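One structure is given below, encoded as structure tokens.
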Amino acid sequence: MTAKRAIGRHESLADKIHRHRGVLLVISIPIVLIALVLLLMPGSSTSVSVIEYTMKSHEGGSNSRGPKNYAVIFDAGSSGSRVHVYCFDQNLDLVPLENELELFLQLKPGLSAYPNDPRQSANSLVSLLDKAEASVPRELRPKTPVRVGATAGLRALGHKASENILQAVRELLKDRSRLKTEANAVTVLDGTQEGSYQWVTINYLLRTLGKPYSDTVGVVDLGGGSVQMAYAISEEDAASAPKPLEGEDSYVREMYLKGRKYFLYVHSYLHYGLLAARAEILKVSEGSNNPCIVTGYTGTYKYGGKGFKATASSSGASLDECRRVAINALKVNDSLCTHMKCTFGGVWNGGGGGGQKKMFVASFFFDRAAEAGFVDPKQPVAEVRPLDFEKAANKACNMRMEEGKSKFPHVEEDNLPYLCLDLVYQYTLLVDGFGLKPSQTITLVKKVKYGDYAVEAAWPLGSAIEAVSSP
Ligand SMILES: O=c1[nH]cnc2c1ncn2[C@@H]1O[C@H](COP(=O)(O)OP(=O)(O)O)[C@@H](O)[C@H]1O
Ligand SMILES: [Ca+2]
């Protein structure tokens with residue numbers, strides 16, 4: 001020991017620690033104390049959920065796999081069921097199946113339309129399953145993962161009824177298909193999962209994954225039953241994220257994609273999808289006339305097994321009054337907000353920042369804009385501003401039912417009585433809910449161009465990427 005010390009430079013680490021143990025003790029006590037404080041502090045890393053989600057960088061490849069990996073993903077949405085079949089090469093690039101980059105099929109209604117008949121509900125997927133499976137080469141079927149993700153429709157049905165339906169779907173897959181079902185392949189996606197997949201889908205197709213977070217785009221997905229918003233935030237903002245409300249998912253997910261770590265702010269609002277929001281807006285006027293219903297219409301709106309009085313007021317629809325009702329239904333109310341800044345219903349807004357600069361807004365935002373005639377449904381994307389929704393709303397709220405067909409020739413007949421409501425809600429959600437400026441340019445998206453092709457801008461691609469890149 002003494003000899004070693006005399007040599008000095010050759011002193012081992014253990015000896016050094018031993019010799020300086022006094023100093024080390026003095027230094028380490030405050031460090032341990034600070035670490036403890038940080039760990040126990042509210043809003044620290046406890047509000048960040050880390051998801052096992054690793055997308056390898058290009059050179060990583062999927063070593064043990066074949067040159068082509070298929071994935072079959074069912075989107076059991078509240079208003080319909082769809083299936084997507086994708087094929088990836090070893091670099092996790094999409095490769096064409098016949099002449100498209102995905103097989104995409106859809107039908108209506110969704111699984112939740114059969115709440116008391118799980119078998120019939122599951123059987124509604126048969127035609128989609130058969131066609132999807134047929135598109136996967138026979139020898140690859142046993143290694144091709146199939147997933148079924150149910151969204152707001154089954155979420156709103158409640159645990160028992162939805163679990164029965166999911167069980168029937170599991171049995172259908174087992175009996176009828178040779179595709180690979182992993183554990184948890186058939187589930188109700190939680191809303192934050194759905195929002196994260198949507199973000200991955202769009203950023204994957206735009207090839208922004210792997211770039212700094214402020215180069216990625218934010219997404220909004222307006223479904224029938226729920227609406228999700230997701231965008232990447234800085235590590236500092238993630239660290240100071242508030243804890244979620246009781247029973248809510250955490251606000252921030254950590255994801256590793258193409259060699260980079262992202263902190264994704266994501267929130268899903270159940271009951272605020274477009275079709276569910278109609279019910280919320282009609283509930284505000286509770287049994288009396290509603291200023292959002294197109295002038296001259298008398299009827300009942302059915303949603304989730306319930307009926308809501310949908311009758312125009314005698315003075316007709318009114319943009320301003322409908323706006324007030326929509327703001328009320330959204331619970332845009334600062335007194336509910338216990339965080340720095342909220343969207344609506346007391347939900348933290350994520351703090352904004354570079355990942356929210358560009359917003360890609362999907363599903364019913366695109367569809368209604370197309371029906372209302374201010375975007376071309378044949379184009380995959382359209383740049384608009386929230387005030388385009390308000391302008392169209394103004395026209396819809398000022399017409400009479402019988403003028404509907406000529407003023408809005410592309411609107412489906414069943415949607416006509418609700419056109420003022422839908423457009424006012426969409427404007428209100430973007431501006432009063434999500435806090436966008438009425439004049440901010442946003443991208444309405446149905447499909448995203450990927451090379452010479454265009455791919456559906458929907459969450460299943462994010463799920464497929466996870467399925468083929470997990471071990
Ligand atoms: O793959 C897709 N491509 C384009 N639009 C889609 C796709 N899947 C769903 N949508 C849009 O979402 C709307 C309905 O949402 P959905 O039925 O999925 O409700 P949910 O997400 O609340 O369960 C559809 O009318 C359609 O506009
Ligand atoms: Ca959906």
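FYI, side chains are in, hydrogens and waters are out, and symmetry mates aren't considered; it's all heavy atoms of this structure. Counting convention: from 1, in listed order, for ligands and their atoms alike. Just so we're clear, the structure is a prediction, and the values are computed from it rather than from any experiment.
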Distance under 4.0 Å to a non-hydrogen atom of [X]: what atoms of ligand 1 satisfy this?
X: His84; value: 1 (O)
X: Ala152; value: 22 (O), 23 (O)
X: Asp75; value: 8 (N)

In this structure, is the centre-to-centre distance between the rings of [Y] and [X] below 6.0 Å?
X: Tyr70; Y: Phe88; value: no
X: Tyr262; Y: Tyr256; value: no
X: His84; Y: Tyr86; value: yes
X: Tyr231; Y: Tyr213; value: no
X: His410; Y: Phe408; value: no

In the protein, which heavy atom is nearest to [atom], and how far is it?
atom: atom 23 (O) of ligand 1; answer: Thr151 OG1, 2.6 Å
atom: atom 6 (C) of ligand 1; answer: Ser363 OG, 4.3 Å
atom: atom 17 (O) of ligand 1; answer: Ser79 OG, 2.6 Å
atom: atom 5 (N) of ligand 1; answer: Lys446 NZ, 3.4 Å
atom: atom 18 (O) of ligand 1; answer: Arg82 NH1, 2.8 Å
atom: atom 26 (C) of ligand 1; answer: Asp367 OD2, 3.3 Å
atom: atom 22 (O) of ligand 1; answer: Gly225 N, 2.7 Å
atom: atom 2 (C) of ligand 1; answer: Glu456 OE1, 3.5 Å

So, 4.0 Å and heavy atoms of [X]: is ligand 1 close enough to count as a contact?
X: Ser226; result: yes
X: Lys447; result: no
X: Gly273; result: no

Could you tell me whether the side chains of Tyr453 and Asn99 share a donor-acceptor contact shorter than 3.5 Å? no

No-hydrogen, no-angle side-chain donor-acceptor test under 3.5 Å, Thr441 and Arg385: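 No, because no side-chain N or O of Thr441 sits under 3.5 Å from a partner of the opposite role on Arg385.
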
Give the C-alpha distance, both sets of side-chain angles, the deciding distance and a yes or no for salt bridge (Lys or Arg N to Asp or Glu O under 4.0 Å) between Glu402 and Lys407. CA-CA 9 Å; Glu402 55 272 23; Lys407 292 212 159 157; over 6 Å; no

I want to confirm something. Looking only at heavy atoms, which of [options] is nearest to [atom]?
atom: atom 19 (O) of ligand 1; options: Gly77, Ser81, Gly224, Ser268; result: Gly224
atom: atom 13 (C) of ligand 1; options: Tyr272, Phe104, Phe365, Phe364; result: Phe364
atom: atom 7 (C) of ligand 1; options: Gly191, Ala458, Gly80, Ala156; result: Ala458
atom: atom 20 (P) of ligand 1; options: Ser78, Ala150, Ala457; result: Ser78

Counting only heavy atoms, which portion of [X] has something under 4.0 Å from ligand 1: side chain, backbone, both, or neither?
X: Glu194; value: side chain
X: Phe366; value: neither
X: Asp221; value: neither

Walk me through it: do Arg119 and Glu171 pass the test salt bridge (Lys or Arg N to Asp or Glu O under 4.0 Å)? CA-CA 9 Å; Arg119 181 79 64 86; Glu171 279 156 26; 5.4 Å; no

Check ion pair Lys395-Glu390 (N to O, under 4.0 angstrom):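 No.
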
Looking only at N/O atoms, are Gly223 and ligand 1 under 3.5 Å apart anywhere?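 No; every N/O pair is 3.5 Å or more apart.
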
Test salt bridge (Lys or Arg N to Asp or Glu O under 4.0 Å) applied to Lys261 and Glu254, step by step: CA-CA 7 Å; Lys261 188 186 212 175; Glu254 235 176 71; 3.7 Å; yes

Might you work through the salt bridge (Lys or Arg N to Asp or Glu O under 4.0 Å) test for Asp367 and Lys446, ending with a clear yes or no? CA-CA 8 Å; Asp367 296 354; Lys446 182 89 184 158; 3.2 Å; yes

Run the disulfide (SG to SG under 2.5 Å) test against Cys322 and tell me which residues pass, sequence neighbours left out. Cys292

